[in-house]
Amino acid sequence: MAREEDMRDEREADQTQRGAELDARQGETTVATRASADHSATNKKQQRDPLKTLTGCERILILGRTGSGKTTLARELAAALGVPHVELDSLYFGPDFSRAPLSLLRERTSAAIAGDRWVTDGNKRAVRDLVWPRADTIIWLDYPVYMSLWRLVKRARTRTSALSAQAAQTGRRTGLPKQMLAAARGVLTALRSHRGQRREYPSMFTKPANQHLAVARLRSPRATRQWMARVTEVARPPA
């Protein structure tokens with residue numbers, strides 16, 4: 001009887017050992033797979049230099065403060081590359097500055113960025129966890145704050161003049177107060193985000209979850225124009 005118990009204990013020990021070894025091998029395989037995926041993503045990132053060329057850049061996110069011109073640049077870049085332009089603000093704002101519920105915004109965003117190639121623009125934190133993992137390239141318009149403020153003032157004057165002319169014709173002025181309020185909010189947003197983005201973005205770019213992103217930081221409209229001419233040269237048809 002003692003001999004049988006010893007043999008049974010040995011068999012159970014062997015089974016336990018084999019199970020532990022199998023778990024260890026599976027764990028090693030999982031770690032190796034993750035490491036291989038991380039290494040592959042890092043290699044792809046190292047092979048891309050969006051400051052010089054957009055070769056290999058399939059899903060591009062343009063960031064910048066309110067009034068930096070990121071939507072205009074995204075629209076022009078998408079047209080030059082022949083890919084869809086996804087404007088995140090258009091998914092969020094509706095008629096008369098109404099706003100989509102968060103669930104609807106996230107649903108719209110997921111659908112809009114499901115494609116293999118696109119250019120999008122926007123800083124919305126509410127969908128950052130959806131957009132950043134899908135993107136492979138970030139173009140950061142890091143301009144001095146006075147440039148953003150100047151552009152916001154020009155934009156507000158243009159829109160206010162258009163609404164004033166419309167009100168003179170129709171007698172309705174419902175859109176004018178909302179436009180003025182939106183302009184004031186835009187200025188405040190630009191001021192608040194100036195230092196915040198310069199602190200936040202460099203830190204975020206170094207996080208492991210964002211190592212797949214190749215980043216180009218443009219510090220002036222002139223630098224952006226030169227960059228745009230350089231990276232879209234290959235996309236232009238021959239003369």
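Bear in mind that the values here come from a model prediction, so they are computed numbers and not experimental data. Along the sequence shown, residues carry numbers from 1. Excluded from the calculations below are hydrogen atoms, water molecules and symmetry mates; all remaining heavy atoms, backbone and side chain alike, are included.
Rounding to the nearest 0.5 Å places NE2 of His85 at 9.0 Å from CG of Leu73. With rounding to the nearest 0.5 Å, the separation of CZ in Arg125 from CZ in Arg128 is 5.0 Å. Expressed to the nearest 0.5 Å, how far CD1 of Ile138 lies from CZ of Arg217 amounts to 12.5 Å. In this structure, Tyr92 OH and Leu104 CG are separated by 11.5 Å, a value rounded to the nearest 0.5 Å. Note that the SG atom of Cys57 and the CG atom of Leu213 stand 10.5 Å from one another [nearest 0.5 Å]. Put simply, OG1 on Thr53 and CD on Glu233 are 11.5 Å apart, with the number rounded to the nearest 0.5 Å.
Counting only distance, with no hydrogens or angles, the side chain of Arg106 and the backbone of Ala126 share a donor-acceptor pair below 3.5 Å. When atom types are taken as modelled, the side chain of Asp121 and the backbone of Leu88 share no donor-acceptor pair closer than 3.5 angstrom. Here the side chain of His212 pairs a donor or acceptor atom with the backbone of Ala135 at under 3.5 angstrom. Remark: side-chain polar atoms of Ser110 are not paired, donor with acceptor, to backbone N or O of Glu107 under 3.5 angstrom. For Trp227 (side chain) and Pro50 (main-chain N/O), a donor-acceptor pair under 3.5 Å exists by modelled atom type. When atom types are taken as modelled, the side chain of Arg59 and the backbone of Thr120 share no donor-acceptor pair closer than 3.5 angstrom.
In this structure, the side chains of Leu77 and Leu54 come closer than 4.5 Å at one or more pairs of heavy atoms.
Classified by interplanar angle (parallel below 30°, tilted 30° to 60°, perpendicular above 60°), the ring pair Trp132/Phe205 is parallel.
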List the steps, then state whether side-chain contact (heavy atoms from CB on, under 4.5 Å) holds for Leu218 with Leu51. CA-CA 9 Å; Leu218 304 173; Leu51 272 176; 3.8 Å; yes
Mind running side-chain contact (heavy atoms from CB on, under 4.5 Å) on Thr232 and Glu76 for me, showing each step along the way?
CA-CA 10 Å; Thr232 59; Glu76 293 175 353; over 6 Å; no
#### Entry: Step-by-step side-chain contact (heavy atoms from CB on, under 4.5 Å) determination, Leu81 to Ile60
CA-CA 11 Å; Leu81 299 178; Ile60 302 170; 4.0 Å; yes
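A pairwise comparison of heavy atoms in Arg48 and Thr137 identifies NH1-OG1, 3.1 Å as the closest pair. The two residues Trp118 and Ala112 have their closest heavy-atom pair at CD1-O, 4.5 Å. Closest non-hydrogen pair, Asp136 versus Gly56, comes out as OD2-O, 4.2 Å. Residues Asp116 and Glu58 share a closest heavy-atom pair of O-CB, 3.6 Å. Taking each heavy atom of Lys70 and Asn123 in turn, the nearest pair found is CE-ND2, 3.7 Å. Contact detail for Arg108 and Ala100: the closest heavy-atom pair is NH1-CB, 3.7 Å.
More than 12 heavy atoms of other residues, nucleotides or ligands shown are found within 6.0 angstrom of CG on Asp129.
A salt bridge links Asp89 with Lys124; the closest basic N to acidic carboxylate O contact falls under 4.0 Å.
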